[in-house]
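Notes follow the structure.
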Amino acid sequence: MLVVVVLLATVLMRVAIVLAVAYLLLPRGSLCPHCGIEMVALRNRFFDRLLPALQRRWCIECGWDGIVRRPPPPRAVPTRRRTPSPRFAPRPTLR
Ligand SMILES: [Zn+2]
């Protein structure tokens, strides 16, 4: 029984490694890997729900279409800090 568990674990680890490498080999983002322009996202309700980390895209310029890693969401632009009002400004030091 232990042999079966060990063999099953090694098979599962191999599958995980293959899937991880295949995921990392996919192009990332919305730019075409051939010509570098913005590609159009092709929506597929079933595919989007099954693999939300991946996205199918099509390049209008060169016709490349394929699966890419979904680009990360845009980071929030940090807002500038308000300058403290003079009421809370540090006091001048006495000499
Ligand atoms: Zn292209």
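Keep in mind the model is a prediction, meaning the values are calculated, not measured. All ligand and atom numbering here is 1-based and tracks the order in the structure.
- Interatomic distance, L54 CG to R69 CZ, rounded to the nearest 0.5 Å: 9.5 Å.
- Screening residues 25-43 for side-chain hydrogen bond (donor to acceptor under 3.5 Å, both in side chains), with sequence neighbours left out, gives S30-E38.
- Remark: N44 pairs with no residue by the side-chain hydrogen bond (donor to acceptor under 3.5 Å, both in side chains) rule, at least two apart or across chains.
- Under the 4.5 Å side-chain heavy-atom criterion for Ile, Leu, Val, Met, Phe, Trp and Tyr, Y23 and V21 are members of distinct hydrophobic clusters.
- Atoms of the protein (N, O or S only) found under 2.8 Å from the Zn ion (ligand 1) are C32 SG, C35 SG, C59 SG, C62 SG.
- Clustering of Ile, Leu, Val, Met, Phe, Trp and Tyr side chains at separations under 4.5 Å places V6 together with L2.
- Pairing each heavy atom of G29 with each of R57, the nearest pair is O-CD, 4.3 Å.
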